[in-house]
Amino acid sequence: MNPPEGTGPGNRDPLSRIRAALDGPLDRDEKLRLAVTILSGSAKHFTWTGIYLLEGETLILHNQVGSPTPHERIQVGRGICGLAARERRTVVVADVGSDPRYLACSLSTRSEIVVPILRDGVVLGEIDVDSDRLDAFGEADRALLESVAGLVARLL
Ligand code: SME
């Protein structure tokens with residue numbers, strides 16, 4: 001359904017807003033920043049939202065909304081981010097405190113979802129979202145983030 005007349009882009013759903021932003025005139029880095037900003041503002045339980053890009057065997061933080069992280073560079077295979085990249089699948093951790101693979105970004109983080117950005121089965125990067133809520137991420141979050149990852153893959 002189209003939004004009612006008179007509603008601006010700010011009122012549309014996050015996927016439509018990100019699609020519009022990525023189709024627009026901004027350069028690649030600005031588009032990646034805007035995608036993170038829109039995602040971050042789309043749900044109260046998204047406490048930290050970022051995009052990593054894969055260079056060789058290293059995930060490098062491109063941009064984030066949330067506190068600075070000590071993990072701006074993560075080797076494939078390390079942490080939840082490295083696991084999602086190695087296995088080329090979305091990883092949801094309902095309770096980071098009980099997952100020994102988790103690399104702590106903030107002491108307040110309770111749950112995390114990492115979605116690989118894939119093109120033709122090749123990992124180009126990831127979307128990483130942390131929440132201060134336990135077991136915060138459901139199917140709707142996974143669907144949104146996987147759709148956004150599909151859009152972002154076309155930029156990379
Ligand atoms: N928790 C991630 C590290 C990145 S920070 O959350 C931003 C991991 O375990 O890979």
Side-chain angles (χ1 to χ4, degrees), residues 1-69 71-74 76 79-94 96 105-106 109-133 135-156:
M1 210 174 71
N2 288 322
E5 222 169 334
T7 59
N11 293 327
R12 284 161 39 205
D13 68 274
L15 187 59
S16 302
R17 292 179 63 204
I18 290 170
R19 187 179 287 115
L22 300 192
D23 282 346
L26 301 174
D27 69 29
R28 187 198 81 157
D29 290 329
E30 290 169 328
K31 287 178 178 180
L32 292 175
R33 281 195 286 275
L34 193 49
V36 167
T37 301
I38 294 169
L39 270 180
S40 168
S42 72
K44 279 208 175 101
H45 60 284
F46 288 13
T47 310
W48 190 100
T49 306
I51 286 181
Y52 286 85
L53 299 182
L54 187 64
E55 289 188 21
E57 286 292 295
T58 309
L59 292 156
I60 298 175
L61 183 62
H62 179 278
N63 82 98
Q64 99 264 10
V65 174
S67 318
T69 171
H71 302 293
E72 292 188 351
R73 300 169 71 89
I74 301 172
V76 171
I80 308 304
C81 289
L83 175 69
R86 190 180 65 205
E87 299 194 350
R88 290 180 289 158
R89 65 175 177 93
T90 296
V91 177
V92 179
V93 179
V96 296
C105 163
S106 153
T109 298
R110 307 293 304 282
S111 57
E112 177 165 25
I113 182 169
V114 183
V115 175
I117 299 167
L118 298 163
R119 192 171 56 223
D120 301 327
V122 174
V123 178
L124 305 174
E126 290 181 345
I127 302 173
D128 180 15
V129 185
D130 292 351
S131 183
D132 286 357
R133 259 177 44 197
D135 198 9
F137 300 105
E139 277 312 307
D141 299 308
R142 175 195 286 262
L144 170 64
L145 293 168
E146 289 181 351
S147 297
V148 172
L151 296 177
V152 169
R154 297 190 214 154
L155 295 177
L156 302 177

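We count residues from 1, following the sequence as given.
Contact detail for Leu83 and Arg89: the closest heavy-atom pair is CD2-NH2, 4.4 Å. Between Ile74 and Gly82, the shortest heavy-atom distance links the atoms CG2-N, 4.2 Å. The shortest heavy-atom contact between Arg88 and Val123 is CG-CG2, 3.2 Å. Closest of all the heavy-atom pairs between Asp130 and Phe137 is C-CZ, 3.9 Å. Among all heavy-atom pairs drawn from Ala136 and Ser111, the shortest one is N-OG, 3.2 Å. Gln64 approaches Gly66 most closely through the heavy-atom pair NE2-O, 3.3 Å.
Under the salt bridge (charged side-chain N to carboxylate O under 4.0 Å, His left out) criterion, Arg142 pairs with Glu139, Glu146, sequence neighbours left out.
Atom CG in Leu155 sits 9.5 Å away from atom CZ in Arg119 (nearest 0.5 Å). Summarising the geometry, atom CD belonging to Glu126 is positioned 11.0 Å from atom CG belonging to Leu61; distances are rounded to the nearest 0.5 Å.
Side-chain N or O atoms of Lys31 include none that pairs as donor or acceptor with a backbone N or O of Ile18 at under 3.5 Å. Between the side chain of Asp132 and the backbone N or O of Thr47 there is no donor-acceptor pair closer than 3.5 Å. With hydrogens and angles disregarded, no donor-acceptor distance shorter than 3.5 Å links the side chain of Glu87 to the backbone of Ala84. Proximity of a side-chain donor or acceptor of Asp120 to a complementary backbone N or O of Val122 within less than 3.5 Å is not detected.
Under the 4.5 Å side-chain criterion, counting only non-hydrogen atoms from C-beta, Leu144 is in contact with Pro14. The closest side-chain heavy-atom distance from Leu32 to Arg28 is below 4.5 Å. Two residues are said to be in side-chain contact when any heavy atoms from C-beta on lie closer than 4.5 Å; Leu34 and Leu26 meet this criterion.
Heavy-atom neighbours of Arg73 CZ from other residues, nucleotides or ligands within 6.0 Å: at or below the threshold of 12.
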Output, in order, the C-alpha distance, side-chain angles, deciding distance and verdict of side-chain contact (heavy atoms from CB on, under 4.5 Å) for Thr90 and Val114. CA-CA 6 Å; Thr90 296; Val114 183; over 6 Å; no

Going through the checks in order, is the side-chain contact (heavy atoms from CB on, under 4.5 Å) test met by Cys81 and Leu59? CA-CA 8 Å; Cys81 289; Leu59 292 156; 4.0 Å; yes

Trace of the side-chain contact (heavy atoms from CB on, under 4.5 Å) decision for Leu15 with Val148: CA-CA 7 Å; Leu15 187 59; Val148 172; 3.9 Å; yes

Can you list, pair by pair, the side-chain donor-acceptor contacts under 3.5 Å of residues 35-46, counting residues two or more places apart and other chains?
residue: Thr37; atom: OG1; partner: Arg33; partner atom: O; Å: 2.9
residue: Ser42; atom: OG; partner: Leu39; partner atom: O; Å: 2.7
residue: His45; atom: NE2; partner: Asp141; partner atom: OD1; Å: 3.1
residue: His45; atom: NE2; partner: Asp141; partner atom: OD2; Å: 3.2

Determine all donor-acceptor pairs shorter than 3.5 Å in which one atom belongs to a side chain in residues 49-58; sequence neighbours excluded.
residue: Tyr52; atom: OH; partner: His71; partner atom: O; Å: 2.7
residue: Thr58; atom: OG1; partner: Gln75; partner atom: OE1; Å: 2.8

